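Reminder, nothing fancy here: chain letters follow the sequence lines and each chain counts from 1. This structure is a prediction, so every number in the text was calculated from the model and none was measured.
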There are 2 protein chains.
Amino acid sequence: MQTNAGSDNFDRSKGAVDTAPAHSEVNTMAGGSASTLRVRGARKSTPERRQEIVRAAAKTFGTKGYQKGSLIDIAAQVGMTHAGVLHHFGSKEALLIAVLEYRDEEGLETLSGQTMPLGLDLFLHLYRTAAENAKREGLVQTYAAITGESVTEGHPARSFVISRFTALRGLIEDALRLICGPDLPDDIRTHAATSVIGVMDGVQLQWLLDKEAVDLPEATRFALEAILVAAMAGTKRPRPLTET
Amino acid sequence: MQTNAGSDNFDRSKGAVDTAPAHSEVNTMAGGSASTLRVRGARKSTPERRQEIVRAAAKTFGTKGYQKGSLIDIAAQVGMTHAGVLHHFGSKEALLIAVLEYRDEEGLETLSGQTMPLGLDLFLHLYRTAAENAKREGLVQTYAAITGESVTEGHPARSFVISRFTALRGLIEDALRLICGPDLPDDIRTHAATSVIGVMDGVQLQWLLDKEAVDLPEATRFALEAILVAAMAGTKRPRPLTET
DNA sequence: GTACAGTTACTGACCAGACAGTAACACCGC
DNA sequence: GCGGTGTTACTGTCTGGTCAGTAACTGTAC
């Protein structure tokens with residue numbers, strides 16, 4: 001993990017603009033020319049500022065999407081102009097990449113500090129992640145919005161999402177190799193890994209859209225168990241959908 | 001199906017502008033004032049024109065997303081200006097709704113003509129749909145892009161997607177009631193239905209991003225069978241993820 | 001600790017491009 | 001001539017990005 005000591009979700013500050021040092025700016029933000037009545041006080045460290053921006057961007061990209069989420073919107077959340085944001089990140093696209101890397105550390109399927117669990121423990125970890133995510137809507141929303149958009153032509157997050165999926169599938173396949181042994185046919189292992197990721201994302205999506213109708217952790221657990229059992233049954237499993 | 005006799009995916013015409021009547025316009029489109037050298041020939045019927053537009057919009061919203069896909073882009077595909085498109089649909093949002101309704105008819109999970117299958121047949125139908133979808137990338141792409149975007153604030157497709165999910169869950173729950181009987185606890189039935197939809201969407205997403213790595217029909221079949229078996233096992237199924 | 005120099009953070013003003021939507025007008029077939 | 005279809009031309013708005021200038025900070029020398 002990192003500096004991110006505070007709020008586990010992304011900040012719900014924003015009204016208060018910043019949380020940290022005592023004397024910050026006044027900066028009415030709406031008021032047009034806040035030029036001279038600026039700052040007056042300790043400037044926050046650069047890494048701190050950058051992280052603030054990334055967090056705001058994650059929030060904005062999550063709620064509005066990458067295309068519609070504007071730098072102006074993001075900048076306003078951290079009390080600066082969009083030119084200030086560009087000073088730090090150079091371009092909107094670079095900011096998106098920074099968000100993706102940040103999200104990856106502060107982990108969706110990864111876990112902080114500890115090493116990646118193996119075998120059955122990986123599945124247990126996936127379930128626990130789903131349970132945690134139910135309390136971190138912002139994180140899930142950011143991830144879902146960006147992943148969803150990434151299927152469009154030339155989207156800057158596209159390659160990131162693709163390699164993320166590839167890596168996750170590999171991870172799950174490895175776990176299945178440990179659980180089911182090497183005799184499980186490769187294609188079944190791949191189908192199972194694909195299904196695991198698919199179901200996690202798909203259930204999250206439904207949950208985001210209708211939290212009352214979907215129990216994120218329990219639906220996820222059900223699906224994970226189902227897939228796990230099917231994989232363990234290997235080639236000998238029942239085939240109710242085989243056409244006659 | 002419908003008029004869409006030609007190319008199975010969505011049109012790759014566009015150069016030819018229209019497929020139907022013999023003598024169409026020349027309309028260089030790039031050339032600034034194509035005003036007077038227009039059309040010259042049987043004008044297409046309004047419903048026909050509208051459908052052309054909707055199909056173009058589906059394509060554009062699929063490849064670029066709703067936010068980034070512009071009316072200008074859509075209009076160009078059917079050989080008119082964006083004002084012409086607005087004449088037919090009034091607003092971009094209304095056009096999106098039209099696309100969603102059209103997609104619903106020309107069916108992703110629904111099937112044209114026949115009545116909705118019940119029980120196990122529904123699952124078989126879902127599998128067949130996945131197999132068909134593997135040949136209809138455009139359709140899947142449109143659906144995925146719009147669904148993905150719909151999680152953002154105030155997105156015009158949001159309520160549509162929500163009610164679609166709700167309806168699908170209900171449908172699958174009904175099928176499970178037939179298959180597993182009324183003794184299956186309600187929550188398990190719901191989890192299973194949620195999982196089915198989730199896995200179908202999630203696998204489609206991975207497939208769109210990496211067609212070589214994902215076998216859409218077979219991964220879907222694997223997951224559907226797994227979920228089905230787990231549901232049939234009801235409360236008595238193995239619980240490998242139960243924490244000790 | 002003050003003076004100076006250099007660096008970094010950020011603003012305000014501006015730009016070109018794109019966008020959805022509107023209004024007035026032209027064409028077409030009936 | 002009339003209604004529907006479509007165009008041209010335009011509007012207002014918003015966007016990401018550039019740039020010069022400035023305030024704030026840092027390091028060094030004395």
Side-chain angles (χ1 to χ4, degrees), chain A residues 17-18 21 23-29 31-53 57 60-61 64-96 156, chain B residues 17-18 21 23-25 27-53 57 60-61 64-96 156:
Chain A
V17 170
D18 49 29
H23 50 328
S24 53
E25 61 244 69
V26 192
N27 199 350
T28 354
M29 171 134 308
S33 56
S35 66
T36 355
L37 53 115
R38 204 176 99 237
V39 187
R40 292 287 127 216
R43 190 152 66 184
K44 261 179 247 174
S45 78
T46 303
E48 217 174 328
R49 212 79 173 100
R50 285 178 57 104
Q51 215 199 49
E52 258 186 291
I53 296 171
T60 293
F61 292 156
K64 312 231 174 133
Y66 172 71
Q67 300 294 351
K68 206 182 178 192
S70 70
L71 295 178
I72 296 168
D73 187 273
I74 293 163
Q77 284 174 69
V78 296
M80 57 162 90
T81 64
H82 85 282
V85 172
L86 284 172
H87 165 72
H88 283 287
F89 292 92
S91 72
K92 191 187 183 187
E93 202 171 310
L95 177 55
L96 175 63
Chain B
V17 168
D18 48 28
H23 49 331
S24 54
E25 64 246 66
N27 200 350
T28 354
M29 174 132 306
S33 55
S35 65
T36 354
L37 51 116
R38 206 174 96 239
V39 188
R40 291 286 128 217
R43 191 150 66 182
K44 262 178 246 175
S45 76
T46 303
E48 218 173 332
R49 212 80 172 102
R50 284 178 58 103
Q51 215 198 50
E52 258 186 293
I53 296 170
T60 294
F61 291 156
K64 311 234 173 132
Y66 172 71
Q67 300 294 349
K68 206 182 178 193
S70 70
L71 294 180
I72 295 169
D73 188 276
I74 293 163
Q77 285 175 68
V78 296
M80 58 163 88
T81 63
H82 86 283
V85 171
L86 283 172
H87 165 72
H88 283 286
F89 292 93
S91 74
K92 190 187 182 185
E93 201 170 313
L95 177 55
L96 174 63

Distance in angstrom units between [X] [atom1] and [N] [atom2], rounded:
| X | N | atom1 | atom2 | answer |
| --- | --- | --- | --- | --- |
| His88(B) | dA20(C) | NE2 | P | 17 Å |
| Leu95(A) | dG17(D) | CG | P | 10 Å |
| Leu96(B) | dA20(C) | CG | C1' | 14 Å |
| Lys64(B) | dA20(C) | NZ | P | 11 Å |
| Ile53(A) | dC10(C) | CD1 | P | 7 Å |
| Gln67(A) | dA20(C) | CD | P | 13 Å |

For residues 78-87 of chain B, run the donor-acceptor check on the side chains, cut-off 3.5 Å, and write out each pair with its distance to 0.1 Å, sequence neighbours left out.
none

OP1, OP2 of [N] versus side-chain N and O of [X]: anything below 4.0 Å?
| X | N | result |
| --- | --- | --- |
| Arg50(A) | dA9(C) | no |
| Thr81(A) | dT11(C) | yes |
| His87(A) | dA9(C) | yes |
| Ser70(A) | dT15(D) | yes |
| Arg49(A) | dC10(C) | yes |

Heavy-atom side-chain contact between Phe89(A) and Arg50(A) under 4.5 Å
yes
What pairs with Lys68(B) under side chain to side chain donor-acceptor pair (under 3.5 Å), at least two apart in sequence or on another chain?
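Lys68(B): no side chain to side chain donor-acceptor pair (under 3.5 Å) contacts found.
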Output every pair passing salt bridge (charged side-chain N to carboxylate O under 4.0 Å, His left out) with a member in [range], not counting sequence neighbours, ordered by first then second residue.
| range | value |
| --- | --- |
| residues 76-96 of chain B | none |
| residues 71-83 of chain B | Lys64(B)-Asp73(B) |
| residues 76-85 of chain A | none |

Look up atom OG1 in Thr60(A) and atom CD1 in Ile72(A), then write down how far apart they are to the nearest 0.5 Å.
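Answer for the OG1-CD1 pair, Thr60(A) versus Ile72(A), is 11.5 Å.
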Look for any protein N or O under 3.5 Å of an N or O in nucleotides 21-25 of chain C and output each such pair with its distance, or none.
from	atom 1	to	atom 2	distance (Å)
dG21(C)	OP2	Lys92(B)	N	2.8
dG21(C)	N7	His82(B)	NE2	2.9
dG21(C)	O6	His82(B)	NE2	3.1

Starting the side chain at C-beta, find the nucleotide from dC19(C), dG6(D), dT8(D) nearest to Ile72(B).
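Of all the options, the side chain of Ile72(B) is nearest to dC19(C).
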